[in-house]
Amino acid sequence: STDLFAALRFTAGSLVFAPFLKSALKDDRIVRGGFELGLWVSLGYYLQNIGVELTDAARASFISSFTIIAVPIIAGLSGRSVRSQTWIPTA
């Protein structure tokens, strides 16, 4: 199931970073930032898994390919500098 897969994936990822936990817990900024990042990434992966279940392969492939091109374009339009190395995968 989607939930079990996500739980196993994040458990494996957290075990990789477990040795760094002791030093990271000493800084409140790292704890708050890590919690926020973890929340957003977990939500993104969870919604992505639901999308994979509910979307056919052609549509999912188009959306994935489109975001590779759209993200640097949106970043450039918003005033951020986009390095030339970023454009190579979009070609």
Side-chain angles (χ1 to χ4, degrees):
S1 84
T2 303
D3 297 331
L4 178 62
F5 176 73
L8 291 174
R9 185 175 186 173
F10 285 108
T11 300
S14 64
L15 291 176
V16 171
F17 288 102
F20 305 104
L21 189 61
K22 185 177 179 181
S23 62
L25 288 175
K26 295 177 184 175
D27 188 354
D28 287 341
R29 288 183 346 172
I30 292 176
V31 172
R32 283 190 305 247
F35 181 76
E36 182 180 355
L37 278 174
L39 178 71
W40 290 115
V41 169
S42 298
L43 181 65
Y45 279 131
Y46 182 72
L47 292 175
Q48 184 179 33
N49 285 336
I50 291 174
V52 166
E53 287 182 353
L54 300 177
T55 306
D56 60 285
R59 191 168 288 151
S61 176
F62 172 77
I63 293 169
S64 296
S65 299
F66 180 72
T67 57
I68 292 171
I69 297 168
V71 169
I73 291 173
I74 292 169
L77 291 174
S78 68
R80 298 181 82 178
S81 64
V82 180
R83 296 184 302 176
S84 59
Q85 297 168 335
T86 304
W87 294 109
I88 293 170
T90 64

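Predicted, not measured: the structure shown is a model, and the values here were computed from it. One-based numbering along the sequence shown.
The heavy-atom pair separating A24 from V31 by the smallest distance is O-CG2, 3.8 Å.
Summarising the hydrophobic clusters (Ile, Leu, Val, Met, Phe, Trp, Tyr; side-chain heavy atoms under 4.5 Å, direct or chained), the residues clustered with F5 are none. In this structure, I88 shares a hydrophobic cluster with no other residue, the cluster being traced through Ile, Leu, Val, Met, Phe, Trp and Tyr side chains under 4.5 angstrom apart.
Not one N or O on the side chain of S65 forms a donor-acceptor pair closer than 3.5 Å with the backbone of F62. Between the side chain of T11 and the backbone N or O of A7, at least one donor-acceptor pair lies under 3.5 Å.
With values rounded to the nearest 0.5 angstrom, T86 atom OG1 is found 12.0 Å from I73 atom CD1. The distance from atom CD1 of I30 to atom CG of L37, rounded to the nearest 0.5 Å, is 11.5 Å.
Within the structure, every pair that satisfies the ring-ring contact (aromatic ring centres under 6.0 Å, His included) test and touches residues 15-47, not counting sequence neighbours, is listed here: F10-Y45. For the side chain to side chain donor-acceptor pair (under 3.5 Å) condition, no pair includes a residue of residues 20-29, sequence neighbours left out. Applying the salt bridge (charged side-chain N to carboxylate O under 4.0 Å, His left out) test to every pair with at least one member in residues 58-83, sequence neighbours left out, gives these pairs: D56-R59.
In this structure, the side chain to side chain donor-acceptor pair (under 3.5 Å) partners of E53, at least two apart in sequence or on a different chain, are T2.
Hydrophobic clustering of Ile, Leu, Val, Met, Phe, Trp and Tyr side chains at less than 4.5 Å, counting indirect connections, keeps V71 apart from V82.
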